[in-house]
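One structure is given below, encoded as structure tokens.
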There are 2 protein chains.
Amino acid sequence: MSKRASPDDRRRDLIAATVRVLAERGAAGASVRTIAAAAGVSPGLVTHHFGGVDRLVAASYDHIAAQVAAALETAVAGAGPAPRARLGAYVAANFTAPIADPALLATWLALWSLARGDAAMLARHEQHYAAFRARLEDLLGACGVAAERLRLTAIGVTALVDGLWLELCLSPDSFSADEARRIAADYLAGL
Amino acid sequence: MSKRASPDDRRRDLIAATVRVLAERGAAGASVRTIAAAAGVSPGLVTHHFGGVDRLVAASYDHIAAQVAAALETAVAGAGPAPRARLGAYVAANFTAPIADPALLATWLALWSLARGDAAMLARHEQHYAAFRARLEDLLGACGVAAERLRLTAIGVTALVDGLWLELCLSPDSFSADEARRIAADYLAGL
DNA sequence: GTGCTTGTTGCACGAACGTATAACGAGGTG
DNA sequence: CACCTCGTTATACGTTCGTGCAACAAGCAC
């Protein structure tokens, strides 16, 4: 019983509902009916606007990846010209709103599990992580990290950030986002 | 069409089949019928021996967690008495067979996604990670890490190891297990 | 050999899944 | 106002899910 909306708005609503459902009920609960109910529309709309639930999930992945990348870029832009500050801001932003939001972390984890076994989703993941690492290598290079150590260093930073994300999502009582930010900062300081 | 077997053997077979299916088809493919087919038995046996697929998955989680903990403990025991060597062995073992096995990493990732939304599975995860961190704090303390920095340091090491695991599983072409071991060793050396 | 225990199977059942499709109705254009 | 476009709903269909249940058969006690 929802009002008529423009295709763009409706697509946005459905993606937002997918993200919400993924965060609250995990990958197993991301059915067409559940998502449609969360968006307040009928299940048929998913097929109508996306052609299938798989493509809706893929669109949700793209949306979140773009949102995360934009938040990181905003943090870098606001850090001023100093290379170390820009690198620190890029990493610390991963533990600051809106990225540090536990619901977003839960959504990302559910998408990871859905990515396994789906070639298109795996390619999306690969592309997003390659972009993340490339940006990291860029910022690390500006801080004077030797070119031959650039790749491994970027992988290590990415892994640390991902691991802190994961534990923050699965065991939110073990430590705080502030502590995660501090662990990452110490790691960068040690390079 | 399987021969009669003892309950213990059959339970072991079913757990092994669950781990295999989880690794090959992800969390979405872990249905009773798929698991039973992988074990070469009828679907009804899952209910008969475990009382439901949820408890079979939980038992698989326990089995893997115990297997990983045992492999880590073996590595520590084989490292001699020096505290630094013991710590290094404990961390490096995470990227050595049998833990470094990509299939095991895939299984673990699938179990993580299944753990979300299930209170019993979340409790299992919490318990396993608490044990992992406690052992890590023990080894770090023996190396002279200050008591007040122990908790945060252990969280950071755990996060780095988990992140390297994850990326190794999702993007196996990005870097090798050897490189992961080296990144972790460098991190420990910087403490 | 006879009978009992119990591992094992095959089937059936209800529920939930994804999606195709026809009918409905709101909103813009003539 | 009439008409058409298209977003939306409701329904239906086939598949797959988890699991309960009755029947079968293998191994053991006697």
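Note on naming: letters A, B, ... go to the chains in the order of the sequence lines (proteins, then strands), and numbering restarts at 1 for each one.
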Nearest-angstrom distance from the residue atom [atom1] of [X] to [atom2] of [N]:
X	N	atom1	atom2	value
B/H48	C/dT9	NE2	P	11 Å
B/I35	D/dT16	CD1	P	17 Å
A/L114	C/dG18	CG	P	11 Å
B/R11	C/dT8	CZ	P	13 Å
B/R33	D/dG20	CZ	C1'	12 Å
B/D13	C/dG7	CG	C1'	13 Å
B/F50	C/dT8	CZ	C1'	15 Å
A/L45	C/dC24	CG	P	18 Å

| note | Value for CG (A/L56) from CG (A/L45), rounded to nearest 0.5 Å, stands at 11.0 Å
| query | Looking at CG of B/L111 and NE2 of B/H125, how far apart are the two atoms once the value is rounded to the nearest 0.5 Å? | reply | 11.5 Å
Residue-phosphate contact under 4.0 Å: [X] side-chain N/O, [N] OP1/OP2:
X	N	value
A/S42	D/dA10	no
A/S31	C/dA16	no
A/R4	C/dG25	no
B/R10	C/dT8	yes

| query | Do A/E167 and B/R133 sit within salt-bridge range, that is, some charged N less than 4.0 Å from a carboxylate O? | reply | yes
| said: With nearest nucleotide decided by heavy atoms, which residue, B/H49 or A/V46, maps closer to the 5′ end of DNA chain C? | reply: B/H49
| query | Base, sugar-phosphate, or nothing for A/V53, non-hydrogen atoms under 4.0 angstrom? | reply | sugar-phosphate
| query | Are A/W108 and A/H128 an aromatic pair by the rule of ring centers under 6.0 Å? | reply | yes
